[in-house]
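Nothing here was measured: the structure is a model prediction, and the numbers come from that model. In what follows, chains carry the letters A, B, and so on, assigned in the order in which the sequence lines appear, proteins first and then strands, with residues in each chain numbered from 1.
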Amino acid sequence: MGIPDASPGGDSRRKDFIREIVAADVKAGKNGGRVHTRWPPEPNAYIHIGHAKAININFGIARDFAGQCNLRFDDTNPTREEQEFVDAIKEDIRWLGFDWHDREYYASDYFDQLYEWAELLIRKSKAYVCDLSAEQVSATRGTLNEPGINSPYRDRPADENLDLFRRMKAGEFPEGSRTLRAKIDMSHPNMNMRDPVMYRILFANHHRTGDSWCIYPTYDWAHGQCDSIEGITHSLCSIEFENHRPLYDWFLEELGVHHPQQIEFARLNMTYTVMSKRLIKQLVDDGIVSGYDDPRLPTIRGLRRRGCTPGAIREFCEIIGVARQDSTVDVQLFEHVLRQDLNVHAPRRMAVLDPVRLVIDNYPEGAVEYLDAVNNPEDESAGTRKVPFSRVLYIDRDDFRQEPVPKYWRLFPGNEVRLRYAYFVTCTGCRRDADGNITEVHCTYDPETRGGDAPDGRRVKSTLHWVSAAEAIQAEVRLYDHLFLTGNPMETENGREWKENINPDSLKITKNAQVEPSLAQVEAPWHCQFERTGYFCTDRDSRPGRPVFNRTVTLRDTWARIQKRRGK
RNA sequence: UGGGGAAUAGUGCAAUGGUAGCACGCCUGACUCUGGAUCAGGUAGUCUAGGUUCGAAUCCUAGUUCCCCAGCCA
């Protein structure tokens, strides 16, 4: 599925601007023709499909150029990072199908080296200990339109800086009382260059280094140097770091060490969902979704539970391309890729989500016959299975109407349809309860059409799925829809909140679905297509004899479109 | 004293001075034991205004719109 083998020199199918740069570098012999990338998550949240894009770019480019991609946890802030997320992120990357082999690194692996380099910059008078508080630093930084002013501590002699910095490390000063700052230019038009903080004092327990440090490097100070240590050649990140590139370059140049090239690309946005850690957390914390693996979330765990396949996610990441401009991918493209994958791989089953009894009046009472059903018309090797058929079946309520409307080809009095893999039946009428609800549909069958074909060559316009009532298994089916009503959930009418755009019908649960008996003991996660309905995946809430299915995505549905156009 | 980016069908991505193309979406039709899949066809675009050139999405000038930056977050 669109995942070509490694091919030195690049893969011809893809030609994004980053691959062009990398290819040119390889051709020019830069870095000895070596390509080495890294994916650097901060272990403070579960990753989502936007991260999958970044993962695919970094691992994909390494693969295409016969290089390597490291996994590096950017764990420079002990106040927000946890081992739990390290484990979860690793699991998610593996599930997506990527492998960093033994190259699992942590920014914290390099704390010693980073510290030494900081002393080097101090000795070069390129860094100083600043006694200003956070508020004071902020107040003296200036604004977008005004230059900042120099810290009164800016010209401290190197020796004094060194002494102070060592005492910072030794824990002699309270949290927040001092920082180490790079000495660059307080009037630089790029705010990142206005003497950025390199170290802050934090008496926090780190998930890997414990209490051995009380000063921690900032992202800007750590990232480029970590890249350099690992011999990264191309440091790929999202567009909001573009303003940091001059600083990234400045540190590396001052240090005179291996200098990877930072290249930025646009992050992924998708319609009808939100793609930010902060917003996803709010949805979870507010109980709007059930947790980080809620199938309505774009988290990898959510997508996985929903039944999305790693192959489809990878293909999606390929197909959306890589560019620098802000964009929002239509979720329909994702659904298309999902269907494309599932269509080929998912076995077919029959499941009736909203059951109504169908009684075949001329079929012998008590008889059961087992009919052959094809498991996957797209894959002959998937074989066939036996499905029980009897006098009383369940069909979906939607598949019968007392009064047909134009283009409605399913069951209505007098109309003949095919029961998939079974017989032609002709509707004779229905029964209703006291309130007028249809309780039973009646029909007669033609014994000559066993298997689904009429010997006289007559045709029907419609084929229905069904299950035999006596043999059916009751199942819970969870029907998911977009979490938001609007393509861009953040776009609200004045005074309104984004959460008001949440789709109240994003989850509909049916506990009384009737499914064919072969579905009684499926183990999670298992993908299949419910014929004519959609692709489903078993949920981890399934119990033996009581399966629970999540709808991954519906089938394309022209009838629904016809109805929608009619205004319903 | 502001700086850095980005603008191509509805959406996403190509075209690297030489016929604006692909995918999704949408619309037709064919086929079909899933109103699925498949197949065939159609729809629709270079932010604006100038300029250079035989020729401009691409180069130049001016403008417009959108995004990012004032964490001791990443």
Counting the atoms with a prime plus P, OP1 and OP2 as sugar-phosphate, which does A/Tyr216 contact under 4.0 Å by heavy atoms, base, sugar-phosphate, or nothing? nothing
Rounded to whole angstrom units, what separation is found between the CD atom of A/Glu491 and the C1' atom of B/rC66? 13 Å
From the options B/rG2, B/rG71, B/rA37, select the nucleotide whose nearest atom is closest to the side chain of A/Ser138. B/rG71
When all nucleic acid strands are considered with a 4.0 Å heavy-atom cut-off, which category describes A/Arg459: base, sugar-phosphate, or nothing? sugar-phosphate
Nearest-angstrom distance, P atom, B/rA15 to B/rC59: 13 Å
Minimum-distance nucleotide (side-chain atoms of A/Asp557 versus B/rC13, B/rG35, B/rC27): B/rG35
Does B/rC72 have OP1 or OP2 under 4.0 Å away from a side-chain N or O of A/Ser133? no
Side chain of A/Pro189 (C-beta onward), nearest among B/rU34, B/rG35, B/rG3: B/rG3
Using modelled atom types only, decide if a donor and an acceptor are shared between the side chain of A/Gln282 and the backbone of A/Leu279 within a distance under 3.5 Å. no
Distance test, side-chain N/O of A/Gln325 to OP1/OP2 of B/rC13, below 4.0 Å: yes
Check: A/Asn190 side chain, B/rG2 base, donor-acceptor under 3.5 Å: no
Donor-acceptor pair, A/Lys183 side chain versus A/Arg154 backbone, under 3.5 Å? yes
Relative to its sugar, using the 90° cut-off around 0, the base of B/rG63 is anti
Map A/Thr558 and A/Thr143 onto RNA chain B by nearest heavy atom, then report which one ends up closer to the 5' terminus. A/Thr558
With a 4.0 Å cut-off on heavy atoms, is A/Val460 in touch with a base, just the backbone sugar-phosphate, or nothing at all? nothing
Between the side-chain atoms of A/Gln529 and the base atoms of B/rU34, is any donor-acceptor pair under 3.5 Å? yes
I'd like the C1' distance from B/rU32 over to B/rG36, given in whole Å. 10 Å
Students often get this wrong, so: under 4.0 angstrom with heavy atoms, is A/Glu378 touching a base, only sugar-phosphate, or nothing? base
Does A/Arg420 make a side-chain N or O approach to OP1 or OP2 of B/rU32 shorter than 4.0 Å? no
Check: A/Asp109 side chain, A/Tyr105 main-chain N or O, donor-acceptor pair, under 3.5 Å: no
Specify the residue among A/His188 and A/Glu531 whose closest nucleotide of RNA chain B lies further upstream toward the 5′ end. A/His188
Identify whether any heavy atom of A/Ala323 sits under 4.0 Å from a base atom; if not, whether one sits that close to sugar-phosphate; answer base, sugar-phosphate or nothing. sugar-phosphate
Please give the distance between the C1' atoms of B/rA57 and B/rU53 as a whole number of Å. 15 Å
With a non-hydrogen cut-off below 4.0 angstrom, is A/Arg418 in contact with a base, only sugar-phosphate, or nothing? base
Expected output: side-chain A/Glu318 to main-chain A/Arg314 donor-acceptor under 3.5 Å: no
Whole-Å P distance, B/rU58 and B/rA49: 13 Å
Could you tell me how far B/rA14 sits from B/rG21 if I compare only their C1' atoms? Round to whole Å. 7 Å
Taking the six-membered ring for Trp and the full ring for Phe, Tyr or His, determine whether the centres of A/Phe111 and A/His206 are under 6.0 Å apart. yes
Can you tell me, in whole Å, how much space there is between the P of B/rG50 and that of B/rG71? 44 Å
Short side-chain N/O contact from A/Arg200 to OP1 or OP2 of B/rA74, under 4.0 Å: yes
Given atom CG of A/Asn243 and atom P of B/rC68, what is their separation to the nearest angstrom? 11 Å
With distance as the sole criterion, is a donor-acceptor pair present between the side chains of A/Tyr128 and A/Asp195 under 3.5 Å? yes
Looking only at side-chain N and O atoms, does A/Thr76 come under 4.0 Å of OP1 or OP2 in B/rA74? yes
Which of parallel (below 30°), tilted (30 to 60°) and perpendicular (above 60°) describes A/Phe549 and A/Phe530? perpendicular
According to the 5.5 Å centroid and 30° plane-angle thresholds, does A/Tyr219 stack upon the nucleobase of B/rA74? no
Using a 4.0 Å heavy-atom cut-off across all strands, classify A/His244 as base, sugar-phosphate, or nothing. base
Given A/Asp398, A/Asp399, A/Asp396, the one that forms salt bridge (charged side-chain N to carboxylate O under 4.0 Å, His left out) with A/Arg532: A/Asp399
Heavy-atom donor-acceptor pair, A/Gln529 side chain to A/Tyr535 backbone, under 3.5 Å: no
Would A/Glu230 and A/Tyr110 count as a side-chain hydrogen bond (donor to acceptor under 3.5 Å, both in side chains) if you check the C-alpha gap in whole Å, the side-chain angles of each, and the deciding distance to 0.1 Å? CA-CA 10 Å; A/Glu230 293 180 11; A/Tyr110 313 125; 2.5 Å; yes
Atom pair distance, as rounded to whole Å: NZ in A/Lys277 and P in B/rC73: 14 Å
Distance below 4.0 Å between A/Ser327 side-chain N/O and B/rC13 OP1 or OP2: yes
In whole angstrom, give the distance that lies between atom CH2 of A/Trp250 and atom P of B/rG3. 22 Å
Compare side-chain N and O positions of A/Asn77 against OP1 and OP2 of B/rC73 and report whether any pair is under 4.0 Å apart. yes
Check every strand shown and say whether A/Asp74 touches a base, only sugar-phosphate, or nothing at a heavy-atom separation below 4.0 Å. sugar-phosphate
Does B/rA37 have OP1 or OP2 sitting under 4.0 Å from an N or O in the side chain of A/Arg556? yes
Rounded to whole Å, CD1 of A/Ile395 lies from C1' of B/rU34 at a distance of 15 Å
Nearest of B/rC72, B/rC26, B/rU11 to any side-chain atom of A/Val197? B/rC72
Kindly say if A/Arg324 contacts the phosphate of B/rA6, meaning a side-chain N or O under 4.0 Å from OP1 or OP2. yes
Using a heavy-atom cut-off of under 4.0 Å over every strand shown, decide if A/Phe73 touches base, sugar-phosphate, or nothing. nothing
Please confirm whether any donor atom in the side chain of A/Arg245 sits under 3.5 Å from an acceptor in the base of B/rG4, or the reverse. no
Write down the distance separating the P atoms in B/rU43 and B/rG10, rounded off to the nearest Å. 14 Å
What's the spacing between A/Asp75 CG and A/Gln83 CD if we round to 0.5 Å? 9.5 Å
So A/Leu464, base contact, sugar-phosphate only, or nothing? Heavy-atom distance under 4.0 Å. nothing
Do A/Glu264 side-chain and B/rG4 base share a donor-acceptor contact under 3.5 Å? no
Looking at every strand, decide which applies to A/Asp453 at a 4.0 Å heavy-atom threshold: base, sugar-phosphate, or nothing. base
Given the rule that a pair is Watson-Crick or G-U wobble with both distances under 3.5 Å, how would you write RNA chain B in dot-bracket, using | for pairs to a different strand? .((((((..((((....[..))))((((((.......))))))...(((((..]....))))))))))).....
Taking the P atom in each of B/rA56 and B/rG18, what is the distance between them to the nearest angstrom? 11 Å
On the nucleotide B/rG25, are OP1 or OP2 found under 4.0 Å from the side-chain N or O atoms that A/Arg561 carries? no
A/Asp446 (side chain) donor-acceptor with A/Phe424 (main chain) under 3.5 angstrom: no
Looking at A/Asn192 and B/rC69, is any side-chain donor or acceptor paired with a base atom of the opposite kind under 3.5 Å? no
For A/Leu132, report the nucleic acid contact type (base, sugar-phosphate, nothing); a contact means any heavy atom under 4.0 Å. base
